[in-house]
Amino acid sequence: MESKIILVRDEFTAELEKAENSADLEAIRVKYLGKKGPVTELMKGMKDLTPDEKKAFGQKVNDLKSELTEKLTEKTKFLKEQEILKEIESMPEFDISMPAALGEGSYHPVTLVQRECERIFKTMGFAVEDYSEIVTDYECFEALNIPKHHPARDMQDTYYLENGQLLKSHTSAAQNAIYKKYKDALINDGVPIKAIFPGRCFRNEATDACHENTFFQMEGVMVDKDISISNLIYFMKTMLSEVFRKDLKVRLRPGFFPFVEPGFELDISCLICGGEGCPSCKHSGWLELCPCGMIHPEVLKAGGIDPDEYTGFAFGLGLTRLVMMKYGIKDIRDLNSGSLKTLTQFIDE
Ligand code: DAH
């Protein structure tokens with residue numbers, strides 16, 4: 001019987017050597033380790049042995065079984081690796097230094113302007129925050145002093161998910177999370193909150209040259225002790241003059257937004273006529289650019305900040321609108337068109 005073990009092992013090894021694929025391996029497994037295979041036969045043959053012989057021989061058969069199983073696993077692994085190598089070899093060779101057939105890629109104009117704004121705000125000490133496109137009703141409205149059924153919600157109809165969350169209709173939706181994230185540093189260590197958060201926004205909107213259901217805004221907030229409207233005007237004027245590379249004049253007009261008090265519409269002197277009055281600015285000399293205001297006490301409270309101690313300003317720059325003004329793009333839909341002919345014309349200055 002001992003010699004039978006040796007024979008089985010030798011035959012198995014010889015066959016395994018010749019196996020070329022997983023089908024061969026499976027056939028060998030069934031032949032040697034299957035119900036009718038020699039290993040099972042050896043087990044069955046033990047019934048005529050004495051208990052002591054059974055114990056010793058049983059151990060040997062078990063060892064044989066483990067050895068064959070192990071060798072099969074090893075060979076399976078080996079063949080798999082060979083298959084992968086063969087596949088790699090059969091791949092077409094390519095030269096990584098070859099110039100691309102399509103020419104160089106380029107950035108979307110919104111990306112270019114967004115990066116430019118981020119760069120400018122970073123130099124003024126603002127953190128750049130990334131925030132989710134899917135938000136809760138609380139973040140988008142309630143925490144911004146826009147309770148259920150408030151008429152301000154009409155302007156911001158958006159897309160709702162089945163679980164009650166929604167696609168954010170404005171970047172202001174990130175304000176609450178930003179206050180909560182930085183409030184401890186503000187309160188305990190006196191570090192002012194200075195952050196911008198650019199992002200994609202969505203609205204249930206009939207599209208035309210000036211309206212899109214998907215567009216970009218860039219929100220900014222600054223909260224500290226004694227922040228005033230002068231701080232707001234200074235930051236906006238500096239940032240916009242840098243973006244347009246012109247020394248712009250800005251002016252504030254009253255505007256209503258539930259999350260700021262007082263709220264403003266910020267205008268810049270017309271880029272075309274410099275304020276003289278022309279058809280682009282409807283002869284007023286001004287272009288409406290950025291709503292803003294002093295953060296409403298209720299909004300600060302919702303963010304865990306005491307409005308009796310701290311004040312702040314917020315602004316919601318229409319990034320898409322800014323891009324259109326900067327590059328003279330007349331139809332907002334061009335920006336979402338995916339047309340390479342249109343979108344590859346813009347260069348990083
Ligand atoms: N979130 C407003 C909107 O999309 C814009 C806005 C207005 C943002 C005033 C602000 C602000 O931060 O102070 O209509």
Side-chain angles (χ1 to χ4, degrees), residues 110 117 121 126-129 131-133 135-147 150-159 166-179 182 193-205 210-223 227-237 239-240 250-268 288-300 302-303 305 307 310-324 332:
V110 171
C117 293
F121 271 100
F126 282 72
V128 180
E129 293 286 330
Y131 202 68
S132 170
E133 287 174 356
V135 296
T136 59
D137 184 272
Y138 178 79
E139 292 172 302
C140 203
F141 301 120
E142 301 264 340
L144 291 166
N145 207 22
I146 313 176
H150 191 290
R153 289 198 181 207
D154 288 354
M155 314 274 294
Q156 304 222 3
D157 188 18
T158 178
Y159 302 92
L166 44 114
L167 299 188
K168 70 170 186 271
S169 56
H170 54 172
T171 40
S172 310
Q175 279 196 24
N176 190 256
I178 303 288
Y179 299 142
Y182 289 112
I193 299 178
K194 290 164 86 180
I196 53 163
F197 22 110
R200 201 195 308 258
C201 302
F202 306 86
R203 286 194 199 171
N204 183 6
E205 194 92 66
C210 309
H211 297 90
E212 251 294 14
N213 50 29
T214 308
F215 54 95
F216 287 81
Q217 289 186 342
M218 196 181 77
E219 190 92 358
V221 292
M222 178 167 178
V223 183
I227 295 291
S228 70
I229 298 170
S230 325
N231 297 106
L232 167 65
I233 296 174
Y234 169 78
F235 277 104
M236 296 318 293
K237 185 170 157 31
M239 195 272 295
L240 294 169
V250 297
R251 77 170 184 190
L252 294 180
R253 286 178 292 120
F256 174 72
F257 305 94
F259 36 93
V260 280
E261 181 57 39
F264 307 105
E265 292 287 357
L266 183 139
D267 299 335
I268 57 171
E288 186 179 318
L289 192 69
C290 177
C292 53
M294 300 305 292
I295 303 165
H296 196 287
E298 289 302 324
V299 174
L300 286 176
I305 296 168
Y310 299 96
T311 49
F313 66 76
F315 59 88
L317 190 63
L319 202 56
T320 300
R321 196 170 140 71
L322 188 63
V323 171
M324 292 171 73
I332 190 172

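For ligands, and for the atoms within them, numbers begin at 1 and follow the listed sequence.
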Check against side chain to side chain contact (heavy atoms under 4.5 Å, CB included), Y179 and I295: CA-CA 11 Å; Y179 299 142; I295 303 165; 3.2 Å; yes
Is the ring centre of F235 less than 6.0 Å from the ring centre of F126?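 They qualify: ring centres under 6.0 Å apart.
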Taking 4.0 angstrom as the limit and counting only heavy atoms of [X], give me the atoms of ligand 1 inside it, by number and element.
X	value
G293	13 (O)
E219	8 (C), 10 (C), 12 (O)
Q156	3 (C), 4 (O), 14 (O)
S172	1 (N), 8 (C)
Q175	12 (O)

Checking side chain to side chain contact (heavy atoms under 4.5 Å, CB included) for the pair F121/K194: CA distance, chi angles, key distance, verdict? CA-CA 9 Å; F121 271 100; K194 290 164 86 180; over 6 Å; no
Can you name the residues that form a side-chain contact (heavy atoms from CB on, under 4.5 Å) with E133, not counting sequence neighbours?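 K168, R200, F202.
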Is there a nitrogen or oxygen of R203 sitting under 3.5 Å from a nitrogen or oxygen of ligand 1?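 In this structure, R203 places an N or O atom under 3.5 Å from an N or O of ligand 1.
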Considering non-hydrogen atoms only, spot the tightest contact between Y159 and E205 and give its length.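 In this case the closest contact between Y159 and E205 is OH-N, 4.3 Å.
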Heavy-atom closest pair, residues I196 and C117: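 Residues I196 and C117, closest heavy atoms: CD1-O, 4.5 Å.
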For the pair E261 (side chain) and H296 (backbone), establish whether a donor and an acceptor sit closer than 3.5 Å, ignoring hydrogens and angles.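 No, E261 side chain to H296 backbone: no donor-acceptor pair under 3.5 Å.
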Under 3.5 Å donor-acceptor, T136 side chain and E139 backbone: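 Confirmed, T136 side chain pairs with E139 backbone.
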If you have a sec, work out which protein heavy atom is nearest atom 13 (O) of ligand 1 and how many Å separate them, to one decimal?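 Its nearest protein heavy-atom neighbour is A314 O, 3.1 Å.
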Would you mind checking which non-hydrogen protein atom is closest to atom 5 (C) of ligand 1, with the distance to 0.1 Å?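 Scanning the protein heavy atoms, the shortest distance from atom 5 (C) of ligand 1 goes to P291 CG, 3.7 Å.
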For C292, is the nearest heavy atom under 4.0 Å from an atom of ligand 1?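 Under 4.0 Å: yes for C292.
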Examine the proximity of ligand 1 to [X] and report which part, side chain or backbone, both or neither, has a heavy atom under 4.0 Å away.
X	value
Q217	side chain
E261	neither
F259	side chain

